[in-house]
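Right, one structure below, let's go through it.
By convention in this document, chain letters (A, B, ...) are assigned in the order of the sequence lines, proteins followed by strands, and residues within each chain are numbered from 1.
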Number of protein chains: 2
Amino acid sequence: MLENASKLTETLLKFTDLGEKSLNLFLESGFKIRKNKGERLITAGEVADCLFFVEKGFIRSYYLREEKDITISFSLKGDFITSMSSFILQQPSYENVEAIEEASLWAIKHKDLMNLFHTDQKLEHIYRLVLEHYYIRIEEELIFSKFKSTKERYLNLLHSRPEIIQKASVGQIASYLDMSIETLSRIRANI
Amino acid sequence: MLENASKLTETLLKFTDLGEKSLNLFLESGFKIRKNKGERLITAGEVADCLFFVEKGFIRSYYLREEKDITISFSLKGDFITSMSSFILQQPSYENVEAIEEASLWAIKHKDLMNLFHTDQKLEHIYRLVLEHYYIRIEEELIFSKFKSTKERYLNLLHSRPEIIQKASVGQIASYLDMSIETLSRIRANI
DNA sequence: AAAATCATTTGACAAAAATCAAAAAAAATC
DNA sequence: GATTTTTTTTGATTTTTGTCAAATGATTTT
């Protein structure tokens with residue numbers, strides 16, 4: 001088995017029992033990669049070639065709109081991350097994905113992943129399950145984004161994903177929660 | 001082939017060439033159903049038993065928060081619709097799904113869909129492709145939801161999905177775009 | 001068709017959040 | 001370790017949007 005892909009193994013097995021053969025085929029079709037703080041996994045304008053899995057570290061996706069840097073998502077240990085629309089359609093990405101802190105990742109190229117699906121049916125099955133999981137997650141995010149007050153949105157994030165509050169900057173969190181830096185700072189001042 | 005499932009056939013074949021056998025197996029595992037204006041496809045608190053496809057009509061998903069009716073999504077001819085988290089996890093739905101106008105639908109039960117995946121690998125493949133498509137769509141919605149002004153959000157919807165503006169009420173659109181009815185009314189008054 | 005109900009518009013005002021500006025604190029660089 | 005740069009906080013003000021209320025318009029019911 002691929003060394004240091006223990007979190008990925010654990011995560012996959014939570015979805016379904018893949019069997020050792022399929023699991024190893026999957027792990028070995030990808031590769032390990034490290035990114036330093038500030039390094040990009042995906043750059044806007046380029047096609048997202050890889051799907052990544054975070055073994056360690058903290059990743060942020062963002063795009064630029066009218067000179068402003070807007071956070072789309074945060075990814076922690078145990079999360080898959082890529083620019084989904086770019087990876088799926090193999091079209092240029094509108095988002096950047098970068099390491100906020102030094103990260104250990106597992107990565108698989110789009111082409112290799114597609115080939116796996118032909119080789120081993122179980123792998124398309126587990127990919128489908130993972131996709132469903134992320135669909136539910138983004139649907140929840142969409143609902144939370146409609147929570148009325150800025151305070152409610154902040155408190156919701158604080159409860160549901162406290163690691164993000166600890167690791168990300170005020171500016172990064174503010175754009176993610178769709179409020180100004182000053183508003184977020186004031187919310188935090190009054191707990 | 002199942003009568004009057006022409007839009008479904010067309011939609012599926014846009015994703016991949018299924019072959020007549022797989023296509024018919026899929027179509028015949030579901031059933032046609034009509035819903036009158038106001039009738040529910042899914043009720044909050046109950047498990048979403050079916051995945052629906054809109055052959056004709058207009059469908060709205062919404063949930064209740066603090067007495068208020070908040071629109072989650074609109075579905076038109078050519079869309080799949082269910083309460084995804086409920087359907088996937090087979091847990092009670094937090095959302096209601098109902099016909100805004102009389103609708104012709106194709107529906108498949110969760111159990112039957114899962115069985116199909118065992119019978120015919122191609123069907124899990126196309127389901128995966130459809131899921132990816134909807135993932136990209138919801139990701140776009142999340143990004144649009146962070147557009148700053150109420151006017152921008154309205155104009156974006158007007159451009160991207162004009163049928164919704166025509167068919168839904170001011171109140172339904174306002175909650176979908178996360179603004180008050182009065183604000184939406186004023187935006188429309190100033191074009 | 002009249003009455004009743006519901007949806008939409010408009011106006012006045014209040015509340016929430018953004019913006020602008022400057023100070024304080026923290027982090028990065030030399 | 002001092003200086004520069006960046007981030008965060010705090011204050012004052014403006015803008016945006018929500019709320020309340022009433023009027024108008026549309027739809028449904030009797």
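- Residue pairs meeting the salt bridge (charged side-chain N to carboxylate O under 4.0 Å, His left out) criterion with at least one partner in residues 112-126 of chain B, sequence neighbours excluded, are A:Arg128-B:Glu124.
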Scoring nucleotides 13-21 of chain C by protein non-hydrogen atoms under 4.0 Å (B base, S sugar-phosphate only, - none) yields ----SSBB-
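- Separating the CD1 atom of B:Ile173 from the C1' atom of C:dT8 is a distance of 12 Å, rounded to the nearest angstrom.
- The ring pair (Phe, Tyr, Trp, His ring centres under 6.0 Å) pairs that include a residue from residues 34-67 of chain B are B:Phe53-B:Phe80, B:Phe58-B:Phe74, where partners are two or more places apart or lie in different chains.
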Quick one: side chains of residues 35-43 of chain A, donor-acceptor pairs under 3.5 Å with protein atoms, not counting sequence neighbours, listed by atom name and distance.
unit_1  : atom_1 : unit_2  : atom_2 : d
A:Lys35 : NZ     : A:Arg40 : O      : 3.2
A:Glu39 : OE1    : A:Asn36 : N      : 2.7

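- Within the structure, the ring pair (Phe, Tyr, Trp, His ring centres under 6.0 Å) test picks out the following pairs touching residues 8-30 of chain B (sequence neighbours left out): B:Phe15-B:His133, B:Phe26-B:Trp106.
- Residue pairs meeting the salt bridge (charged side-chain N to carboxylate O under 4.0 Å, His left out) criterion with at least one member in residues 68-87 of chain A, sequence neighbours excluded, are A:Arg60-A:Asp69, A:Asp79-A:Arg137, A:Asp79-A:Arg161.
- Counting heavy atoms from C-beta on, the side chains of A:Phe144 and A:Glu152 never come closer than 4.5 Å.
- At whole-Å resolution of the value, CG in A:Asp69 and P in D:dT7 are 10 Å apart.
- Note: CG (B:Asn190) to P (C:dT9) measures 12 Å, nearest angstrom.
- Comparing the end axes of the helix from C:dA1-D:dT30 to C:dC30-D:dG1, each fitted to five base pairs by superposing C1' atoms of four pairs onto the next four, gives an inter-axis angle of 50° (nearest 10 degrees).
- In this structure, A:Lys37 atom NZ and D:dT6 atom C1' are separated by 12 Å, rounded to whole Å.
- For B:Glu102, the salt bridge (Lys or Arg N to Asp or Glu O under 4.0 Å) test picks out B:Arg34, with sequence neighbours left out.
- Residues passing the side-chain contact (heavy atoms from CB on, under 4.5 Å) test with B:Gln121 are A:Gln121, sequence neighbours excluded.
- Atom-to-atom, CZ of A:Arg188 to C1' of D:dT7 comes out at 12 Å; the value is rounded to the nearest Å.
- For the pair B:Glu152 CD and D:dT15 P, the interatomic distance rounds to 18 Å; values are reported in whole Å.
- Atom pair A:Ile165:CD1 and D:dT8:C1' shows a separation of 15 Å (rounding to whole Å applied).
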